[in-house]
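Report on the structure given below.
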Amino acid sequence: MTAALPPGQFTVRPIQLTDVEAITAQMGAYTSKLLGFPKHSLEDVTGFLSDPAHELERDSWAVFDGTELVGTGTASRFGGRIDLDVTADNPAVAGWLLDTATERAHEQAEAIGRSEVIVGVAVLRDDKVLAGLAAERGFELGTTIQRMEIRPQGPVEAPPVPPGIAVRRGALDDATRRAAHQVLAEAFADQPTSVPRPYDEWVASREARPTFDWSQVTVLELDGRPIAMRECNDNFVSSENCGYVGRLAVLAEARGRGLATFLLKDAFAVDQAAGRAGTILHVDSSNPTPALHLYLGVGMRPKVITDVWRRTLTPR
């Protein structure tokens, strides 16, 4: 049952791409109350809403109090995964958005023929109101995402390439993009919520982002076989003057060679050479590899903690 908005006060319509500035401001005010700074950049919001996976007319909601934007919500289907996003100060608006997005997730699951689907909603650790609303609706804490960053105080030297490894910078052709995607798929096969979308969807989603360029993909090869990859973008350049490591993957058979450490330190050097103040990435606490230990080991530190609340939807 979807909670009702208080009558006569609010109006609702689908989000439009022309709303990005208003949404960035609304989300910035919301997250600043919780964190002390705005979490999302204009480019970050634009890239998210521009993703071809979104059918904004059906998958998004903007709530207004008069002319003021007071809440936004989306239900995003990425392959077989459905993520809900809710931002609203007013608990009644937040609850309505969460219920409405969950209802849409039911429809999305039915459309792809799933008998059941796990949906997740990301909640800032400091957002006790949204966490309570999620718990009331049967969501349970599933995992934790930490935003890590490093801001070097001195020169960063490019790390030496590990023995026997060839570095391919840029994925400007289809073969290299497929190689990077295959590494991602294999490396995250044991993490269903992190497996990339099918190749064509993955490519389309990257090309829709204003902060991404295929030159920002790096693939490592051993004896001619792709075994590791790193994908970066400029999501945090305007807001933090930092580079961002969006995905980093090493095949299980190639772990223990220092490849992830090389890719991280290389990113730090590339970002500093580009005039960036530092480098940011996100890590999932459910990652079966010791990823958090790796990031701490190269000097990164957590700045934002987000809990992902999950619920399994079954046929009604």
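Heads up: numbering here begins at 1 and tracks the sequence.
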Cluster overlap [X] with [Y], hydrophobic side-chain contacts below 4.5 Å:
X      : Y      : value
Phe236 : Leu124 : no
Ile280 : Met148 : no
Leu263 : Val270 : no
Leu281 : Val304 : no
Leu294 : Ile305 : no

Which pair of heavy atoms, one from [X] and one from [Y], lies closest together, and at what distance?
X      : Y      : answer
Val93  : Ala88  : CG1-CB, 3.7 Å
Asn90  : Phe10  : ND2-CZ, 3.9 Å
Ser60  : Thr74  : CB-CG2, 3.9 Å
Thr72  : Leu97  : O-CD1, 3.5 Å
Phe212 : Cys232 : CD1-O, 3.4 Å
Ala94  : Leu133 : CB-CD1, 3.6 Å

Any chance the side chains of [X] and [Y] put a donor and an acceptor closer than 3.5 Å?
X      : Y      : answer
Thr144 : Asp307 : yes
Ser76  : His54  : yes
Thr143 : Ser285 : yes
Thr176 : Asp173 : yes
Glu116 : Thr312 : no
Asn233 : Gln216 : no

Next item on the list: Kindly indicate whether a cation-pi arrangement holds for Arg247 with Phe188, taking the cut-offs as under 6.0 Å to the six-membered ring centre and within 45° of the axis.
Entry: yes
Could you check whether any side-chain N or O of [X] sits under 3.5 Å from a backbone N or O of [Y], counting only pairs where one atom can act as donor and the other as acceptor?
X      : Y      : answer
Gln108 : Asp59  : no
Arg310 : Val119 : no
Asp127 : Leu130 : yes
Ser205 : Trp202 : yes

Using a strict 4.0 Å threshold on nitrogen-to-oxygen distance, state whether [X] and [Y] make a salt bridge.
X      : Y      : answer
Arg13  : Glu57  : no
Lys128 : Asp126 : no
Glu149 : Arg151 : yes
Arg169 : Asp266 : yes
Arg206 : Glu231 : yes
Asp51  : Arg197 : yes
Lys39  : Asp44  : no

Less than 4.5 Å apart, any side-chain heavy atom of [X] and any of [Y]?
X      : Y      : value
Leu42  : Glu21  : yes
Tyr30  : Val70  : no
Trp61  : Leu56  : no
Thr218 : Met229 : no
Thr261 : Leu259 : no
Gln272 : Pro152 : yes
Arg58  : Arg104 : yes
Thr211 : Val237 : no

Notebook entry, point to check: salt bridge (charged side-chain N to carboxylate O under 4.0 Å, His left out) between Arg225 and Glu186: does it pass, once the steps are laid out?
Noted result: CA-CA 13 Å; Arg225 182 177 180 231; Glu186 290 186 28; 3.7 Å; yes
At what distance, to the nearest 0.5 angstrom, does [atom1] of [X] lie from [atom2] of [Y]?
X      : Y      : atom1 : atom2 : value
Phe78  : Ser194 : CZ    : OG    : 13.0 Å
Glu110 : His106 : CD    : NE2   : 7.5 Å
His40  : Thr31  : NE2   : OG1   : 6.0 Å
Ile118 : Leu313 : CD1   : CG    : 9.5 Å
Lys303 : Arg147 : NZ    : CZ    : 5.5 Å
Trp309 : Thr306 : CH2   : OG1   : 13.5 Å

Notebook entry, point to check: Yes or no on side chain to side chain contact (heavy atoms under 4.5 Å, CB included) for Leu220 and Phe262, after CA distance, side-chain angles and deciding distance?
Noted result: CA-CA 10 Å; Leu220 303 186; Phe262 166 76; 3.9 Å; yes
Next item on the list: Evaluate the criterion side chain to side chain contact (heavy atoms under 4.5 Å, CB included) for residue pair Glu43 and Asp234; output intermediate values, then yes/no.
Entry: CA-CA 8 Å; Glu43 293 84 356; Asp234 296 333; over 6 Å; no
Next item on the list: Might you work through the side chain to side chain contact (heavy atoms under 4.5 Å, CB included) test for Ile227 and Val250, ending with a clear yes or no?
Entry: CA-CA 6 Å; Ile227 56 171; Val250 179; 5.9 Å; no
Next item on the list: Report the C-alpha distance between Arg81 and Asp83 in whole Å, list the side-chain angles of each, state the deciding distance to 0.1 Å, and finish with yes or no for side chain to side chain contact (heavy atoms under 4.5 Å, CB included).
Entry: CA-CA 7 Å; Arg81 190 183 88 238; Asp83 295 340; 2.8 Å; yes
Next item on the list: Show the numbers, then the answer: is there a side-chain hydrogen bond (donor to acceptor under 3.5 Å, both in side chains) between Asp271 and Tyr244?
Entry: CA-CA 9 Å; Asp271 286 338; Tyr244 180 65; over 6 Å; no
Checklist line | salt bridge (charged side-chain N to carboxylate O under 4.0 Å, His left out) evaluation trace for Arg77 with Glu201 | finding: CA-CA 11 Å; Arg77 183 177 70 82; Glu201 290 184 26; 5.4 Å; no
